[in-house]
Undergrad: 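Pasting in a structure now, in structure tokens, and then I'll have a few things to ask.
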Amino acid sequence: MSDIPAVEVSGLVKDFQTSFRGPKLRAVDNVSLRIEPGEVYGMIGPNGSGKSTTMKALLGLVKPTAGTCSIFGKDSLKVDSRNDVGFLPENPYFYKHLTGAETIKFYGKLCGMRGAKLKHRIDEMLNLVGLDDARNRALKGYSKGMLQRIGLAQALVQDPRLVILDEPTAGVDPSGSREIRDLILELKNRGITVFLCSHLLEQVQEVCDRVGIINHGKMVRQGKLDDLIALEDRTEIVLENASPELLDQIHTLVDVTYGVDMISEGNPRTTLEDLFLRETKPRRTVTKKRRKRTNS
């Protein structure tokens, strides 16, 4: 891996003024994360947890109150840091009268592409997202899943090294969601770094190398997916050709036995959903009941 991370967020704090004289709202509170080149990183959290604000700070759309964000070593507040970035927002806006091919052409021109290079890129992107047969159809006739895929195509048109996806499967049916999942895996195979924000925990578990869980503006858990979902207080042993007698004794001793092979040993896995619910569950506060006074 490169010494320069694809994304580095360090001590990010973002406060918003809620009213003219009212107190400030802290949307992001000392969040740090690092994404290596070629990695798929998933950020998950409840609504209002600070996911989108973190992404906007990384994209230079909001200025941090404190902390820094960088993309391939460049300060994200600098315009040139976004030259290598493709972005698909949660609710992208498209000109519905344009066709699929015209839409990609429009965004390609915004990125400075022209001529044969742009024409080739249009064909390549439509083929990648599986919309070549709908290239001449106006976007007003596209389904939600097709619109998300054309959104991915426009995010990729300038051949970015980093793609940021904010809820890419929002409102998409299971079939369309599966297609987008496959596209993310294809991006990974091409060595493109992906920063993914999604409510679909099963999808995050299928495609991400590392995951961060954010809650109330704070990063509460972060790390490699396999490490996060490992149940550290349990050990799992898988045996092959074990006799019933050996199984009876396994709770006290497992030893080398003729005809028995140790297939694996490690921590059994929970699910990302269980981990998410555990880490974002509100903490209960215990209050003492006031003793009822009685008059004698």
Side-chain angles (χ1 to χ4, degrees), residues 6-7 35 37-40 52 55-56 58-61 70-172 176-177 179-198 207:
V7 168
I35 307 175
E39 199 172 45
V40 180
S52 293
M55 282 190 166
K56 289 176 181 178
L58 179 63
L59 288 163
L61 300 177
S70 64
I71 298 172
F72 294 107
K74 298 178 181 179
D75 187 339
S76 64
L77 292 177
K78 305 294 185 181
V79 175
D80 64 347
S81 70
R82 297 186 283 279
N83 290 340
D84 292 320
V85 181
F87 176 50
L88 176 62
E90 181 177 359
N91 296 302
Y93 178 81
F94 297 112
Y95 297 106
K96 298 295 182 69
H97 63 281
L98 296 179
T99 66
E102 289 170 342
T103 298
I104 300 176
K105 182 179 181 179
F106 172 75
Y107 285 102
K109 285 187 173 182
L110 288 180
C111 295
M113 302 175 70
R114 296 289 186 276
K117 180 181 178 181
L118 177 57
K119 184 178 183 303
H120 173 74
R121 194 63 178 166
I122 293 170
D123 294 339
E124 185 180 4
M125 289 299 96
L126 288 171
N127 183 64
L128 176 65
V129 300
L131 290 174
D132 192 51
D133 58 346
R135 62 184 298 134
N136 296 319
R137 190 190 311 175
L139 264 58
K140 62 184 178 183
Y142 276 30
S143 67
K144 175 65 175 178
M146 293 170 72
L147 287 173
Q148 290 297 92
R149 283 188 281 154
I150 205 69
L152 270 173
Q154 66 80 24
L156 295 168
V157 68
Q158 83 276 29
D159 196 19
R161 291 192 288 163
L162 169 68
V163 178
I164 299 178
L165 307 175
D166 191 3
E167 301 291 350
T169 55
V172 179
S177 178
E179 291 172 347
I180 293 172
R181 185 215 66 166
D182 292 342
L183 282 172
I184 295 172
L185 291 174
E186 176 62 24
L187 297 180
K188 179 179 178 179
N189 291 335
R190 294 184 177 210
I192 298 173
T193 309
V194 179
F195 186 12
L196 169 68
C197 174
S198 177
V207 303

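Numbering of residues begins at 1 and proceeds along the displayed sequence.
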Undergrad: Is any side-chain heavy atom of K188 less than 4.5 Å from a side-chain heavy atom of V207?
TA: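 A side-chain contact is absent here, since even the closest heavy-atom pair is not under 4.5 Å.
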Undergrad: Determine whether a donor-acceptor pair (N or O, by modelled atom type, separation under 3.5 Å) exists between the side chain of T193 and the backbone of G38.
TA: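 Checked: pair present.
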Undergrad: I'd like to check the side chain to side chain donor-acceptor pair (under 3.5 Å) partners of R137; sequence neighbours left out, ordered by chain and number.
TA: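 Once residues adjacent in sequence are excluded, R137 has no partner under the side chain to side chain donor-acceptor pair (under 3.5 Å) criterion.
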Undergrad: Is there a side-chain contact between L156 and L187 in this structure, where contact means two heavy atoms from C-beta onward sitting under 4.5 Å apart?
TA: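 A side-chain contact exists here, since the closest heavy-atom pair is under 4.5 Å.
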Undergrad: For the NE2 atom of H97 and the OG1 atom of T103, what is their distance to the nearest 0.5 Å?
TA: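 Interatomic distance, H97 NE2 to T103 OG1, rounded to 0.5 Å: 8.5 Å.
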Undergrad: For V157, does its backbone N or O pair with a side-chain atom of R121 as donor and acceptor, under 3.5 Å?
TA: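 Checking the backbone N and O of V157 against the side chain of R121, a donor-acceptor pair under 3.5 Å is found.
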Undergrad: Starting at CD1 of I180, measure out to OG of S198 and round the result to the nearest 0.5 Å.
TA: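 Rounded to the nearest 0.5 Å, the CD1-OG separation comes out at 9.5 Å.
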Undergrad: Looking at E102 and K105, does any basic side-chain N land under 4.0 Å from a carboxylate oxygen?
TA: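 Not counted as a salt bridge, because no side-chain N and carboxylate O are separated by less than 4.0 Å.
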Undergrad: How long is the straight-line distance from CG of D84 back to CD1 of I192, given to the nearest 0.5 Å?
TA: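 If I round to the nearest 0.5 Å, the distance is 11.0 Å.
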Undergrad: Under the side-chain hydrogen bond (donor to acceptor under 3.5 Å, both in side chains) rule, what pairs show up with a residue in residues 138-160, not counting sequence neighbours?
TA: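 Residue pairs with at least one partner in residues 138-160: R149-E179.
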Undergrad: What distance do M125 atom CE and D132 atom CG have between them, rounded to the nearest 0.5 Å?
TA: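 Here the rounded value is 12.0 Å.
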Undergrad: With distance as the sole test, does R114 use its side chain to make a donor-acceptor pair with the main-chain N or O of K109 at under 3.5 Å?
TA: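 A pair under 3.5 Å: yes.
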Undergrad: Taking the side chain as C-beta and beyond, is there a heavy-atom pair between I150 and I104 under 4.5 Å?
TA: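 The answer is yes, as the side chains (C-beta and beyond) meet within the 4.5 Å cut-off.
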Undergrad: To check you understand the geometry: which heavy-atom pair defines the closest contact between G60 and R82, and what is its length?
TA: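 Minimum heavy-atom contact is CA-NH1, 3.7 Å.
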Undergrad: Nearest heavy-atom pair of P160 and G86: which atoms, and what distance?
TA: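 Heavy atoms only, the tightest pair is CB-N, 3.5 Å.
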Undergrad: Could you tell me whether the side chain of L147 reaches within less than 4.5 Å of the side chain of K96, counting heavy atoms only?
TA: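 Yes - at least one pair of side-chain heavy atoms lies under 4.5 Å apart.
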Undergrad: Looking only at heavy atoms, what is the nearest atom pair of L183 and L128, with distance?
TA: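 Nearest pair, atom of L183 first, then L128: CD2-O, 3.1 Å.
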Undergrad: If you round to the nearest 0.5 Å, how far is CG of D166 from SG of C197?
TA: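 C197 SG to D166 CG: 4.5 Å, rounded to 0.5 Å.
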Undergrad: So which heavy atom on G100 is nearest to which on L139, and how close?
TA: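 Looks like N-CD1, 3.5 Å.
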Undergrad: When rounded to the nearest 0.5 angstrom, what is the spacing between CG in N83 and CD1 in I71?
TA: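 Answer rounded to 0.5 Å: 10.0 Å.
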Undergrad: My understanding is that only residues two or more places apart in sequence, or in another chain, count here; which of them pass ring pair (Phe, Tyr, Trp, His ring centres under 6.0 Å) with Y95?
TA: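 Testing Y95 for ring pair (Phe, Tyr, Trp, His ring centres under 6.0 Å), a comparison that skips the adjacent residues, returns Y93, F106.
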Undergrad: Please name the pair of heavy atoms, one in L196 and one in M55, separated by the smallest distance, quoted to 0.1 Å.
TA: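 Closest pair (atom of L196, atom of M55, distance): C-CE, 4.0 Å.
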Undergrad: Write down the atom of F94, the atom of G151, and the distance for their closest heavy-atom approach.
TA: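 Closest approach of F94 to G151, heavy atoms only: CZ-CA, 3.5 Å.
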